[in-house]
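For reference, the structure is listed below as C-alpha cells.
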Amino acid sequence: LHQWLDDGRASSTAMRLSEPWAAMGRNALLLFVVSGLVAKSMIIWKVTSAGGEAMSLQRWIYLAAFAPLAAPKVASLLFALANLAALYVLLAWLHRHRWYWSV
C-alpha cells in the first residue's frame, strides 16, 4: 500500500495515510472475530426503552444515536463506521505495541 500511495518512495505522508490499513490488515483475524462477537452480543443484550419496550442494545443505540442524524440507509452506514472506528482503536493500540494475532 505504501508503494501504491507514493510510487515506491517511502514518504512520511504515505506512511501516515496507510497506517490505519496496516493496523487493520495485520490483525484482520482479530478484527473479524471481535466484530462478530460485538455484533452478536449487542443483539443478545436487551435494554428497556423509556416507553417500557424491550429491544436489543444494537437497536437501542441505532435509534438513540444514529437514526435522528440522517435517513435510514445513511444512519446505518454511520452506525457501521462507528463500530469500525471503535474496533480500530483496539487494533491501533495492538499495532503500536507490535502485537499481532495469527494462525
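Cluster membership check: W21 does not share its hydrophobic cluster with V89, using side-chain heavy-atom separations under 4.5 Å among Ile, Leu, Val, Met, Phe, Trp and Tyr. Grouping the Ile, Leu, Val, Met, Phe, Trp and Tyr side chains by contacts below 4.5 angstrom, directly or via other members, places W93 with V38. There is no path of hydrophobic side-chain contacts, each under 4.5 Å, that joins Y88 to Y100. Hydrophobic clustering, with ILVMFWY side chains joined whenever heavy atoms are under 4.5 angstrom apart, keeps L91 apart from L81. Under a hydrophobic clustering in which Ile, Leu, Val, Met, Phe, Trp and Tyr are joined whenever their side-chain heavy atoms come within less than 4.5 Å, directly or via other members, I43 and Y62 fall into different clusters.
Nearest approach of A92 to A23, heavy atoms of both residues: CA-CB, 4.3 Å. Between P68 and A64, the closest heavy-atom pair is CG-O, 3.8 Å.
Between F79 and F66, the ring-plane angle classifies as perpendicular under the 30° and 60° cut-offs.
Here the CD atom belonging to Q58 is positioned 10.5 Å from the CG atom belonging to L63, to the nearest 0.5 angstrom. The CG atom of N83 lies 4.5 Å from the CE atom of M42; values are rounded to the nearest 0.5 Å. Here the OG atom belonging to S102 is positioned 11.0 Å from the CG atom belonging to L30, to the nearest 0.5 angstrom. Between L31 atom CG and L90 atom CG the span is 9.0 Å, to the nearest 0.5 Å.
At most 12 heavy atoms of other shown residues, nucleotides or ligands fall within 6.0 angstrom of atom NZ in K40.
No side-chain heavy atom of R26 sits less than 4.5 Å from a side-chain heavy atom of L94.
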